There are 2 protein chains.
Amino acid sequence: MSAEQRVDDAMLGDFDTAHRALAERAREVLESNWLGHATRPAAGLYPHQWSWDAGFIAIGYARFDTRRAAAELRSLFRGQWSDGMLPHIVFNGGGESYFPGPDYWGTERSPYAPPRPRTSGIVQPPIHATAALRTFRHATDRDTARALLEELMPKLAAWHGYLHRERVRPGIGLVEIWHPWESGMDNSPLWDEALSRIVPARVRDWVRADLDHADPAERPTDEDYLRYLHLVDLFRELSYDPERIRAATPFAVADVLMNTLWVQANRDLASIADIIGADGSRFTAWADEAAAAMGEICWDDTLDVFVDFDLVAGAPICTRVGAAFAPLFAGIPDADQARRMVRRLHDEVGEHLGATTWMVPSFDPSEPGFMPTNYWRGPVWINVNWVLYQGLRRYGYHVEAASLRASLLALAERSGFFEHYDPVTGNGHGADRFAWTAALVLDLLFESGADDARTA
Amino acid sequence: MSAEQRVDDAMLGDFDTAHRALAERAREVLESNWLGHATRPAAGLYPHQWSWDAGFIAIGYARFDTRRAAAELRSLFRGQWSDGMLPHIVFNGGGESYFPGPDYWGTERSPYAPPRPRTSGIVQPPIHATAALRTFRHATDRDTARALLEELMPKLAAWHGYLHRERVRPGIGLVEIWHPWESGMDNSPLWDEALSRIVPARVRDWVRADLDHADPAERPTDEDYLRYLHLVDLFRELSYDPERIRAATPFAVADVLMNTLWVQANRDLASIADIIGADGSRFTAWADEAAAAMGEICWDDTLDVFVDFDLVAGAPICTRVGAAFAPLFAGIPDADQARRMVRRLHDEVGEHLGATTWMVPSFDPSEPGFMPTNYWRGPVWINVNWVLYQGLRRYGYHVEAASLRASLLALAERSGFFEHYDPVTGNGHGADRFAWTAALVLDLLFESGADDARTA
């Protein structure tokens, strides 16, 4: 047991008994997924390292084990491409049992891909600078944490540099995704219309591995999968060359959650630069650029939320998803927009299970197509709710924030650490013992003092 | 002694007695500069690792010790920045005794600079892909050499990606340098006019370290040094941000030798991509782009050579330097241009010390300002002559090539392995026991079979 862990055993002692037990269970979930160098999201379904999972997992470790948080980020960045691209999967070993595995991705076609570890060829949202800064801020050993920031700075800068160079079109100012998987919200109804325009070039001649581990009713359909793989095939044929993909992709979306995390990550990277004496002015400029663009392009004055923009169709995507409220996290709305967003969030979109229990489903339950147990088409996800909790606090809605936090903790206490939860029943679905759920529950547990002070 | 070395002891045995002794002395010079992880250019004056030195040194090692060549390149790339920039100096340890040392450079201002090893913040010509490919081609253990190419591919791709992204202006097509040191030919008369326009912002308040180790008459003047440091000060103040430097630098030149090596390195990187199954088409495109631009912008139909172009003044730099003939190396001239170049090179610019001995000085001896012992203002440099030798062979001028090779070997036999040589007397000047001189003499020694076959 490390020095950090001993310190934090003492900190865990500050929790009340129920929360202490919850924290111990959460830590045990992380421990059971620890592979010696990184944390898998879950056994079976997710045996490798995923990009935004690693970020959220590090945010949890940051509270009680700086070295684990550092290891998590360091391991992920071993898979970084030399053009700065941080792939969405870093495979452990051969990855033969996963589909699509490294041989399917065939990233050796890109001159920028490292020979090992093997990786995928697309990205996920950039939560990593935010995770790194939180690791520093919660660390008890500041010198070690500062050295970590010095080590991560060029890697994070290259990652952000890639996103700004390759994913922000001049005149748009927003990061764009080229695959639904890049949003992290794989089968969200957000993508239905854009995907419907894609005619898959071939029939199904592969076997999905996800269905060996999960109920098909909780996973994307085969029809979706055909289109996901059509895009992967295209990117592989283009040798993962961003310039060629940008010109050829039939899927290009400026997503609200992605851009929210991009704005905040740039602000956090500028803070990291300040801490270590580097010039972070470009990251502040990138944050300002994207925040302004979100206000101009994504704000929907009727829905009172920010909506995605389909760059191929040249039209907004007015699908009512929980992630539409994410911009509160990065301070993007003005005070009036925030007030209107919070009203909608709390009174309408939030699913209330009782007088004090509420949380935000991935898709509005009043919409046709809402499926309470199907992946990103209805279930509650802890990471999105964690983002919304931070956003409520940021704008001073401390009562709502405290209530959301208490609800999420109650959900984990009642149902365990699942990948996602049915917003109607509160039952867990998808993978059990899911790492980021445990990590973010831990982070929320450590928030107690802050909330109590503000809501008192 | 490694397996490779034993193999090559046998190969050295193929040389005649005089050449075998020369090869042994050259190897001993390399060995005396070997630091355990990389090779310094020379004791005293150059105690760190330099970028294009490392490339030429690896080209020498490639002939008899694949692992040393690999170590040389691997060590250099440890200093690569995360935006792909390969710095011109990678400092060993603190570098306190060198000026300007790492504290003067202050590269920690850039978010892309690694915390260690510490480095400078400018580049040198990209000979590295060429060195890597030659290492592979001469290797006896092809599997190890192929793994080296797989390891170096993303690093080389990032380096070339940086040069193409940050140093090639749209509509120009040529790589530009922002500091005379970036050419590798620090005080060449090529830069005199461009430097004369710079008014140094401050007086001299530093102490040059180079004059502790070298005769001031063989080194750049204090006036030059004021301007060199003025540019470093500017780049440091701009946090080494390429976008800001490009907008602000008073010095921007498309140099012939730099672009020649850029063209060839891109062709060699495309070959490396082929060998390991990656997509190298972009490197071929970059080579074609620069070669075409050299034909349009740099060819001087009166001088029968390629000349530099000053991007600030918007004018060619028609200074008669030996490096003006370098484009033969990369196959850039057409057959008629090559014929005219070779005539000038052999008959006029080449310095003939006897009936069969000739070599090319860094600056035309008939020009005012020719200084036979001052650095890049007159002396013969082995690396430029090696480039010209390769160029003569490429265009089928095998008699001239064999004669130049024999002359260079005779020079080393007579005067030793110096940094540079007086073209009139043949005496060595600058640093003694200079690593790239030894490395390239070794490479030339190993060429014997090829030349003999063609000139027979």
Side-chain angles (χ1 to χ4, degrees), chain A residues 77 79-86 106-116 118-119 129 146-162 164-166 236-244 266 269-270 272-286, chain B residues 77 79-86 106-116 118-119 129 146-162 164-166 236-244 266 269-270 272-286:
Chain A
F77 276 99
Q80 185 171 32
W81 291 19
S82 71
D83 64 351
M85 202 274 280
L86 188 63
T107 54
E108 64 275 9
R109 299 264 312 145
S110 168
Y112 297 114
R116 61 199 155 283
R118 301 185 76 183
T119 73
R146 193 178 189 285
L148 174 68
L149 295 188
E150 288 176 349
E151 175 191 337
L152 291 177
M153 176 86 251
K155 302 173 198 291
L156 289 164
W159 167 219
H160 285 220
Y162 163 85
H164 192 260
R165 185 175 72 244
E166 306 296 357
R236 186 185 58 239
E237 278 159 30
L238 298 175
S239 306
Y240 301 99
D241 180 342
E243 189 178 336
R244 294 163 73 192
N266 275 309
L269 195 47
I272 289 171
D274 285 344
I275 291 163
I276 66 170
D279 180 348
S281 55
R282 79 196 72 189
F283 309 120
T284 300
W286 296 348
Chain B
F77 276 99
Q80 185 171 31
W81 291 20
S82 71
D83 64 351
M85 202 274 280
L86 188 62
T107 54
E108 63 276 6
R109 299 263 312 146
S110 168
Y112 297 114
R116 62 200 153 280
R118 302 186 75 182
T119 73
R146 192 178 189 284
L148 174 69
L149 294 189
E150 287 176 349
E151 175 192 337
L152 291 177
M153 176 84 251
K155 301 174 199 290
L156 291 164
W159 167 220
H160 285 219
Y162 164 86
H164 192 260
R165 186 176 70 245
E166 307 295 357
R236 187 183 58 239
E237 279 160 28
L238 298 175
S239 306
Y240 301 99
D241 180 342
E243 189 177 334
R244 294 163 73 193
N266 275 309
L269 194 48
I272 289 171
D274 284 344
I275 291 163
I276 65 170
D279 180 348
S281 55
R282 79 198 71 189
F283 310 120
T284 300
W286 297 347

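Note on naming: letters A, B, ... go to the chains in the order of the sequence lines (proteins, then strands), and numbering restarts at 1 for each one. All values reported here derive from a predicted model rather than from experimental measurement.
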Give the member of Asp83(B), Asp241(B), Ile272(B) that has the highest number of heavy-atom pairs under 4.5 Å with chain A. Asp241(B)
Contact leader toward chain B among Glu108(A), Gln80(A), His160(A), where contacts are heavy-atom pairs under 4.5 Å: Glu108(A)
Between Ser82(B) and Ala158(A) the two heavy atoms that sit nearest each other are O-CB, 3.3 Å
Contact class of Tyr162(B) relative to chain A, heavy atoms under 4.5 angstrom: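 Contact with chain A involves no heavy atom of Tyr162(B) at all.
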Check step by step if side chain to side chain contact (heavy atoms under 4.5 Å, CB included) holds for Arg165(B) and Arg165(A). CA-CA 10 Å; Arg165(B) 186 176 70 245; Arg165(A) 185 175 72 244; 2.9 Å; yes
Can you find a pair of side-chain heavy atoms, one from Ser110(A) and one from Pro154(B), that are under 4.5 Å apart? no
By salt bridge (charged side-chain N to carboxylate O under 4.0 Å, His left out) - contacts of Arg146(B) (at least two apart): Glu150(B)
Under 4.5 Å from any heavy atom of chain A - which part of Ala113(B):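 Contact with chain A: backbone only.
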Heavy atom to heavy atom, less than 4.5 Å: which residues from residues 274-281 of chain B reach chain A?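 Residues in range: Gly277(B), Ala278(B), Asp279(B), Ser281(B).
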Pairwise side-chain contact, Pro111(B) with Phe283(A), heavy-atom cut-off 4.5 Å (strictly under): yes
